[in-house]
Amino acid sequence: MGDPLLSIDGLSTVFDSEDGPIVAVDGLSLAVAPGEIAGLVGESGCGKSLTALSVMGLLPPHGRVAAGRILFEGTDLLTLSSKRMRALRGEDISMIFQEPMTSLNPVFTVGRQIAEEIVTYREGSRAEAWQRAIAMLDKVGIPEPKARAKAYPHQLSGGMRQRVMIAMALALDPKLLIADEPTTALDVTIQAQILELMRHLQSETGAAVLLITHNLAVVAQTCSRVMVMYTGRLVEDAAVDELFDHPLHPYTQGLLACLPARAPRPGQKLPTIGGIVPALGHLPRGCAFSDRCPQAFEPCRQAEPALVEVEPGHSVRCYLHHDQARPERRIAA
Amino acid sequence: MSQGAELLALDGLSKHFRVGAGFMGSKRQTVHAVDGVSLEVNEHEVLGLVGESGCGKSTLGRLALGLIKPTAGRVLFEGSDVTSLDRAGWKELRRQMQVVFQDPATSLNPRLNVGSILAEPLVIHGMPKAEARAKVGPLLAEVGLRPEHARRYPHQFSGGQRQRIGIARALALRPRLVVADEPVSALDVSIQAQVLNLLMELKKNFGLTYIFVAHDLSVVRHVSDRVAVMYLGKVVELAPAQVFDAPPRHPYTEALLAAAPVADPHRAMQPPPVKGDVASPVNPPSGCRFRTRCPEAREICAAEEPPLKEIGPSHRCACHFR
């Protein structure tokens, strides 16, 4: 991998609460290479969406980045003024969300919303921007784009609205697209259309995609690399084939095993991960997964393991695999 | 799996909703949510109802439970027509038919503690309060919670635990039939497996019959004995769950299967099997309702509605070409 496009280094995102700060993202480091589709997976509350919002500078009130750097093409986004950050969000990084209805403005036509964005960031007239908006709607597979540009969001179906969001996100040719659960609210036949569209546009534009999802099947069929998060930490990072064939972290193993589609026989009892995800303020000592881990042993309850590259391109935060790693391979302390 | 006699039968059930009630001159329209569905559910079986949003699967579940009245058709419980029962009659019948909802956060009363939530159905059906209270501890144990949880309130539980409470409430009256409406859709994968295991275990322990409504094929395939695939208010295919393993299948079932992503990076993603969106239930297409998206559609599909006909052992399919 050459220089990464996005490199997150030791990111900690906290929420200030009455009982003191709650660490939602804890010392997270990850990189996204130019032109790759990387998946960030985990269950609710693992911090995957907050990681994205930290990158975008769009954290909700009470949330703040407490430590770390977020380098985009070498520039630390956390040091940028809000004005420069806004420009960057328009032109270089864009994001699509799970529910397009809440991201689109209900009182403007979709064409106008796309054109507005183009006019704000690009030279040229409104008429040119409108033409570009129609071209983008055409590109994302909206039938009769000229007529649909004049439609309001509520006049479109969920799948069409998500296509509009993608058109808007890609209108300025960003280098990085962050897609947060882009197909979770959609039906499966529509999901297939949107995933195909995203892959097609990605290969056409060469934009890198950070796909955030809870759905391992979507990851398997879309991403080239997968990063697994648990309680605000990255626990495993590997190429997609490697992760599904040889998952190393017991949490990743558990997640894969409990998918009904992977059950050896229908109706058979599914393997489960015992217990529940601990509350962020009450993580167990040592490894955050140690209280649910079927393979936990003594060291796990004493100190948190580091994320270590145990094979080229495959990192895992687990003591079971650390003896395989030479000390110089350590990428985090 | 061994199955008993017919427990519930739905006979030509339809449910039409009137919408746009003349507001600002808008026309009144009719949504054909469920249209002429006939199904039977046998004792001790799991009948899966699968389909995408708006196909009518949840409405059908509610019709079966008498929570809404059908526009046409009948519901038969153990052979007797219960469609026109009065309130008292339905109340009595609800001892035998219960429901588990998708989102336990909105289906449990936040002001009641778990003990009251679980005792409520027993008290409504005439059990003295103290006796009902005494049943709460064992009920909690049945769903994998602890008796002391009875004093807590719904918000003090995780999503998976709340769904266990919802299941315990449904089981309180020892029903024979449970309609589970997307019971694991709101849960994380690891919790989903726990709740599916619990549902299957309870079925075995209490000889339950389930109507299992879900949009996730892999979940439906895992739990069901038979599956009804719905599209725009119609059942397009009804077959043993193995129908998902081999053709012939209804083109819509094929599409659902092909569209579902597989958790295996070595299997290349297939191109989207169908184009476009589901047609509107306000003006459903003539003939076969899937024809507007069906890759195999021909002239006859617009002219004639295909009947749900037998194409194999216990296998019914509504397609002119199967």
Side-chain angles (χ1 to χ4, degrees), chain A residues 42-46 141 143 157-160 183 186-197 199 214-224 226 239-245 251 254-263 265-277 279 292, chain B residues 1 46 51-55 157-161 184 186-198 200-201 215-225 241-242 244-245 252 255-278 280 293:
Chain A
E43 299 182 286
S44 354
C46 72
S157 68
M160 284 297 155
T183 60
L186 304 175
D187 276 317
V188 60
T189 57
I190 308 298
Q191 166 170 283
Q193 295 172 5
I194 297 293
L195 289 178
E196 159 90 3
L197 174 70
R199 286 191 313 174
H214 70 286
N215 188 326
L216 288 160
V218 165
V219 165
Q221 304 218 294
T222 316
C223 302
S224 52
V226 194
V240 67
D241 295 5
E242 174 74 8
L243 189 103
F244 281 81
D245 292 346
Y251 177 62
L255 275 185
L256 288 170
C258 65
L259 293 176
R262 289 195 153 214
R265 214 157 31 80
Q268 204 175 46
K269 201 169 174 200
L270 294 166
T272 58
I273 301 175
I276 56 169
V277 179
R292 305 176 71 194
Chain B
M1 211 171 285
V46 181
E52 299 179 287
S53 8
C55 73
F157 294 89
S158 68
Q161 288 173 322
V184 298
L187 306 176
D188 275 318
V189 217
S190 68
I191 307 303
Q192 185 176 315
Q194 293 175 5
V195 172
L196 285 177
N197 284 347
L198 174 68
M200 298 316 282
E201 195 185 301
H215 70 283
D216 186 329
L217 275 182
S218 63
V219 169
V220 170
R221 171 77 186 89
H222 185 75
V223 301
S224 305
D225 299 304
Q242 299 88 294
F244 290 135
D245 300 339
Y252 178 61
L256 272 184
L257 283 167
V262 185
D264 177 359
H266 304 294
R267 292 246 308 256
M269 186 147 186
Q270 304 185 37
V274 287
K275 293 203 168 64
D277 283 317
V278 181
S280 161
R293 304 171 82 197

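Residue numbers start from 1 in every chain, and the chains themselves are labelled A, B, ... in the order their sequence lines are given, proteins ahead of strands.
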Heavy-atom distance under 4.5 Å to chain A: side chain of B:Ala241, backbone, both or neither? neither
As an exercise: rank A:Val240, A:Thr222, A:Asp241 by heavy-atom pairs under 4.5 Å with chain B and give me the winner. A:Asp241
Option that, when pairs with chain A are counted at under 4.5 Å, heavy atom only, ranks first among B:Ala193, B:Pro272, B:Pro265, B:Ala259: B:Pro265
Examine distances only and state if a side-chain atom of B:Gln192 and a backbone atom of A:Leu259 form a donor-acceptor pair shorter than 3.5 Å. no
Taking all heavy atoms of A:Glu43 and all of B:Ser190, pick out the closest pair and write down the distance. OE2-OG, 2.7 Å
Less than 4.5 Å to any heavy atom of chain B: does that hold for the side chain of A:Glu196, its backbone, both, or neither? side chain
Choice from A:Leu186, A:Leu195, A:Asp245, A:Leu243 maximising heavy atom contacts with chain B below 4.5 Å: A:Asp245
Donor-acceptor under 3.5 Å (A:Gln191 side chain, B:Ala260 main chain): no
With a 4.5 Å cut-off on heavy-atom pairs, point out which of B:Val262, B:Val189, B:Leu256 contacts chain A the most. B:Val262
With chain B, which of A:Met160, A:Arg199, A:His214, A:Arg265 has the greatest number of heavy-atom pairs at distances under 4.5 Å? A:Arg199
To the nearest 0.5 angstrom, please state how far the CD1 atom of A:Ile276 sits from the CD1 atom of B:Ile191. 7.0 Å
Check B:Pro273 against A:Ala192 and note the closest heavy-atom contact, atom names and distance. CD-CB, 4.3 Å
Does A:Arg262 offer a backbone N or O that forms a donor-acceptor pair with the side chain of B:His222 under 3.5 Å? no
Structural part of A:Ala261 lying under 4.5 Å from a heavy atom of chain B: both
Gap separating the CD atom of A:Gln221 from the CD atom of B:Gln270, nearest 0.5 angstrom: 8.0 Å
Taking side chain as everything from C-beta outward and backbone as N, CA, C, O, which of these in B:Ser53 sits under 4.5 Å from a heavy atom of chain A? Side chain, backbone, both or neither. both
Residue from A:Leu255, A:Thr272, A:Leu197 scoring the most non-hydrogen pairs under 4.5 Å with chain B is A:Thr272
Closest heavy-atom pair, A:Ile190 versus B:Arg293, reported as atoms and distance to 0.1 Å, is CD1-NH2, 3.8 Å
Heavy-atom pairs under 4.5 Å with chain B are the metric here; pick the option from A:Ala263, A:Pro271, A:Cys258 that has the most. A:Cys258
If you measure from CG on A:Leu216 to CG on B:Asp264, what distance do you get to the nearest 0.5 Å? 12.0 Å
Do side-chain atoms of B:Asn197 reach the backbone of A:Lys269 as a donor and acceptor pair under 3.5 angstrom? no
So which atom in B:Ala263 and which in A:Phe244 form the shortest heavy-atom distance, rounded to 0.1 Å? O-CD2, 3.6 Å
